[in-house]
Amino acid sequence: MGSHSLEILDTFLAEAAAVLKRPQARARAEAILTRWATAWQGATRVLEHTRSNHGSCLRFNQRIGTVWSHAFAFHVVPKEGLCLRGPDTDRARKSHKLRSNKLDASGLDALFEAWSAHPEARPAGNAVELWLDETPDEVWEACLQEALEKLKV
């Protein structure tokens with residue numbers, strides 16, 4: 001993993017630690033996020049860290065065709081915890097907006113279907129959310145494998 005990705009991950013983990021009070025939850029979040037960030041490598045994949053009044057996001061971006069797209073994100077929500085939200089809720093609008101350089105959202109749509117099939121997944125608009133404290137480790141691993149498979153580079 002590149003040093004820039006490590007810095008982004010470390011910053012996000014520090015913010016997650018402030019919200020996740022139990023040491024076990026912090027350690028588990030660190031293990032899951034490190035696994036995901038390490039797997040999300042390559043010339044067409046980048047991590048991005050953003051902050052707002054609604055919390056902090058670790059965004060997993062990917063170039064799909066010639067278009068950079070936000071695929072999904074881990075979100076630290078103050079007083080609520082850590083969740084995975086995705087795939088990109090804006091994929092239909094972006095596909096339309098980029099008409100001259102259209103986004104092929106089929107991989108994101110397939111990922112939405114795969115993640116929606118997990119009983120832990122909660123609907124969140126055009127995306128789903130999976131919360132750290134409700135989702136077993138084997139589901140996290142399955143979701144990562146589904147992301148890597150559906151969003152092939």
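Predicted model only: the values in this text are computed from it and were never measured.
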One should read off an interatomic distance between R35 CZ and L33 CG, to the nearest 0.5 angstrom, of 12.5 Å
For residues G81 and L20, report the shortest heavy-atom separation together with the two atoms involved. CA-CD2, 4.2 Å
Would you give the length of the straight line joining atom CD of Q41 to atom CG of L47, rounded to the nearest 0.5 angstrom? 6.5 Å
Rounded to the nearest 0.5 Å, how far does CD1 of I32 lie from CG of L84? 10.0 Å
Non-hydrogen atoms of R51 and T11 that approach each other most closely: NH2-CG2, 3.5 Å
Quick one: are L130 and C143 in side-chain contact, heavy atoms under 4.5 Å? yes
For residues L111 and V67: do they belong to one hydrophobic cluster (side chain heavy atoms under 4.5 Å, members Ile, Leu, Val, Met, Phe, Trp, Tyr)? yes
Value rounded to 0.5 Å, distance of SG in C83 from CD in E120: 14.0 Å
Identify the two heavy atoms, one from P78 and one from V19, that lie closest to each other, and give their separation to 0.1 Å. CA-CG2, 4.2 Å
If a pair satisfies side chain to side chain donor-acceptor pair (under 3.5 Å) and one of its residues is in residues 16-30, list it, with sequence neighbours excluded. R28-D137
Consider only side-chain N and O atoms of H75 and S56, and report whether a donor and an acceptor are under 3.5 Å apart. no
With distance as the sole criterion, is a donor-acceptor pair present between the side chains of E7 and H49 under 3.5 Å? no
Roughly how far, to the nearest 0.5 Å, is CD of E134 from CZ of R122? 4.0 Å
Examine distances only and state if a side-chain atom of W68 and a backbone atom of N61 form a donor-acceptor pair shorter than 3.5 Å. no
For F74, the option from F12, W36, W40, W131 that meets ring-ring contact (aromatic ring centres under 6.0 Å, His included): W36
Closest non-hydrogen atom pair, L151 against G107: CD2-C, 3.6 Å
Joint cluster assignment, L148 & W140, ILVMFWY side-chain distance < 4.5 Å: yes
Nearest non-hydrogen partners of K152 and Q62, listed with the distance: O-NE2, 3.6 Å
Side chain of W115, backbone of G86: donor and acceptor closer than 3.5 Å? no
Is there a chain of hydrophobic side chains (I, L, V, M, F, W, Y, each step under 4.5 Å between heavy atoms) that links L58 to L144? yes
Would you call the rings of F60 and F72 parallel, tilted or perpendicular, where under 30° means parallel and over 60° means perpendicular? parallel
Indicate the atoms forming the closest heavy-atom contact of A37 with L9, along with that distance. CB-CD2, 4.0 Å
Determine whether T50 and R59 satisfy the following criterion, side-chain contact (heavy atoms from CB on, under 4.5 Å), listing intermediate values before the conclusion. CA-CA 8 Å; T50 61; R59 295 178 182 271; 3.4 Å; yes
Side chains of E141 and Q145: any donor to acceptor distance under 3.5 Å? yes
Rounded to the nearest 0.5 Å, what separates atom CG in L108 from atom OG in S69? 5.0 Å
